[in-house]
Trainee: 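The structure follows.
Every number for a ligand or one of its atoms is a count from 1 in the order of the listing. Note that these values count all heavy atoms, side chains included, but never hydrogens, waters or copies made by symmetry.
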Amino acid sequence: MILVEPDVLLTEASRLPGLDGQKMSKSYNNTIGLREDAATVTRKIRTMPTDPARVKRNDPGDPAKCPVWQFHLAYSDQETKEWVQRGCRSAGIGCLDCKQPVIDAVLAEQAPMRERAQRYLDDPTLVKNIAADGCDKARELARETMREVREVMGLAYS
Ligand code: SF4
């Protein structure tokens, strides 16, 4: 096999919706940036819409109708997910309580990204060098693959 057909590699929560439950898109203004600052991320998640049935704190809700639940599916362990299911349906927890584990998980996920990126922000030539090295490697691999393709197709004139 020379040209391998790519296949998908999906995790259980393979698609994360936007903060409003729609497709995540910059033009919908419903995204979280990978290195967005902690205060903005916190504000964005705290203001996410929830199940419209939960008008008041003591109105029960349904996680299936709430975009925050999609984030719990991606970020929370089983115990937290059960806490959300129970607490939402019984109005035992408020929506801000429910959002806090998501905020904590997103910030924890972003922390090492911010840290790793800082080195490259401080010295952008590191990025240029990595891109140049990558180009060299890709060019070499492409040359080799095309040589094999020509050979298999009987186009290897020399
Ligand atoms: S408690 Fe959680 S799942 Fe239920 S409506 Fe509020 S934010 Fe959504």
Trainee: For ligand 1, which atoms have a heavy atom of C88 less than 4.0 angstrom away?
Mentor: 1 (S), 3 (S), 4 (Fe), 5 (S)
Trainee: Which protein non-hydrogen atom lies closest to atom 1 (S) of ligand 1, naming both residue and atom, and how far is it?
Mentor: R54 NH1, 3.1 Å
Trainee: Just which atoms of ligand 1 are under 4.0 Å from any heavy atom in T50?
Mentor: 5 (S), 7 (S)
Trainee: Give a yes/no on ligand 1: does G61 have at least one heavy atom closer than 4.0 angstrom to it?
Mentor: no
Trainee: Answer yes when D136 and R139 have at least one side-chain N-carboxylate O distance shorter than 4.0 Å, and no when they do not.
Mentor: yes
Trainee: Just which atoms of ligand 1 are under 4.0 Å from any heavy atom in D51?
Mentor: 5 (S)
Trainee: When P63 is tested against each of Q70, K81, Q85, H72 for side chain to side chain contact (heavy atoms under 4.5 Å, CB included), which residue passes?
Mentor: Q85
Trainee: Cluster question for you: counting only ILVMFWY and a side-chain heavy-atom cut-off of under 4.5 Å, with indirect links fine, are I93 and V102 together?
Mentor: no
Trainee: Do T50 and K99 come close enough that some side-chain heavy atom pair is under 4.5 Å?
Mentor: yes
Trainee: What residue and atom, counting heavy atoms only, is the protein's closest point to atom 2 (Fe) of ligand 1, and at what distance?
Mentor: C98 SG, 2.3 Å
Trainee: Restricting to non-hydrogen atoms, name the atom on P101 and the atom on W83 that form the minimum distance, rounded to 0.1 Å.
Mentor: CG-CZ3, 3.8 Å
Trainee: Is there an N/O/S atom in C66 at a distance below 2.8 Å from atom 8 (Fe) of ligand 1?
Mentor: yes
Trainee: Salt-bridged, E140 to K137, with N to O below 4.0 Å?
Mentor: no
Trainee: Quick one: look at V68 and ligand 1, take heavy-atom pairs under 4.0 Å, and tell me if it's side chain, backbone, both or neither.
Mentor: side chain
Trainee: So does C95 have any N/O/S atom less than 2.8 Å away from atom 6 (Fe) of ligand 1?
Mentor: yes
Trainee: Is the side chain of R57 donor-acceptor paired with the backbone N or O of G92 at a distance under 3.5 Å, no angle test?
Mentor: yes
